[in-house]
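Computation of the quantities below employed the complete heavy-atom set of this structure, encompassing side-chain atoms and omitting hydrogens, waters and symmetry-equivalent molecules. Positions are given from 1, in the same order as the sequence printed here.
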Amino acid sequence: MDFSPASALRAIRPVVIAVFRVVTGFLFACHGAASLFGVLGGAHGGGTVSPLQWPGWWAAVIELIGGTLVALGLFTSTAAVICSGSMAYAYFSVHQPNALFPIDNGGEPAAMFCWAFLLIACLGPGAYALRTPLRTDSAAATSDDEAAAATS
């Protein structure tokens, strides 16, 4: 038996990806809930965004629904790509015009969420995902076999 650190890390990889997915999705959904319902301190420290206001209300809807789907592991790649794109849009339209670097323009959360969701979209949901209900068993098996072969 191989007890190397690399072997141990390979064994827990799906669980680590799942924890990363759940935490990232949950935090993103919290942002959406705060903006839409005024909970958890509200939008930007208080209140809610106006219904149908562009882009704030739409971003909050994507945060709440997309974050929840990612956390649950449903339609994970699609939801993660949409969440990533919304954060790229937020960064370049809201933050980047104020300064070049995220540390100067307050865009660190947007940049981090953008890249985190892109990583989730590329890696897949990991373990303990509810998975896409429309996916067939043969497609899931093929996908899992390809993922296992790629990590070997």
Are [X] and [Y] joined in one hydrophobic group, where the rule is that I, L, V, M, F, W and Y side chains link up if heavy atoms are under 4.5 Å apart?
| X | Y | value |
| --- | --- | --- |
| L52 | V49 | yes |
| L100 | W115 | no |
| F92 | M87 | no |
| L69 | F117 | no |
| F113 | V94 | no |

Side chains of P14 and Y128: does their closest heavy-atom pair fall under 4.5 Å?
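P14 vs Y128: side chains apart.
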Within the structure provided, determine whether P125 and R131 are in side-chain contact (heavy-atom separation under 4.5 Å).
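Touching, per the 4.5 Å side-chain cut-off.
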List the atom of [X], the atom of [Y], and the distance in Å for their closest heavy-atom pair.
| X | Y | answer |
| --- | --- | --- |
| A121 | S77 | O-OG, 3.3 Å |
| A79 | G66 | CB-O, 4.1 Å |
| L64 | T68 | O-OG1, 2.7 Å |

With S50, which residues qualify under side chain to side chain donor-acceptor pair (under 3.5 Å), at least two apart?
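Expected list: none.
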Any chance you could measure I17, atom CD1, to I12, atom CD1, to the nearest 0.5 Å?
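Between atom CD1 of I17 and atom CD1 of I12 there are 10.5 Å.
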Can you tell me how far apart CG (L72) and CG (L130) are? Round to the nearest 0.5 Å.
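If I round to the nearest 0.5 Å, the distance is 5.5 Å.
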Is it the case that the side chain of [X] and the backbone of [Y] share a donor-acceptor pair, with hydrogens and angles ignored and the cut-off at 3.5 Å?
| X | Y | value |
| --- | --- | --- |
| S86 | C83 | yes |
| R21 | G124 | no |
| S93 | Y89 | yes |

Hey, mind stepping through R13 and L123 against side-chain contact (heavy atoms from CB on, under 4.5 Å) and telling me if it holds?
CA-CA 10 Å; R13 182 177 185 261; L123 293 179; 3.4 Å; yes
For E108 and I103, what are the C-alpha separation, side-chain angles and deciding distance, and is it a side-chain contact (heavy atoms from CB on, under 4.5 Å)?
CA-CA 6 Å; E108 302 97 329; I103 194 73; 3.2 Å; yes
Full working for side-chain contact (heavy atoms from CB on, under 4.5 Å) between N105 and Y91:
CA-CA 9 Å; N105 64 30; Y91 181 79; 3.1 Å; yes
Donor-acceptor pairs under 3.5 Å, side chain of residues 22-36 to any protein atom, not counting sequence neighbours: which ones?
{"residue": "T24", "atom": "OG1", "partner": "F20", "partner atom": "O", "Å": "2.8"}
{"residue": "S35", "atom": "OG", "partner": "H31", "partner atom": "O", "Å": "3.2"}

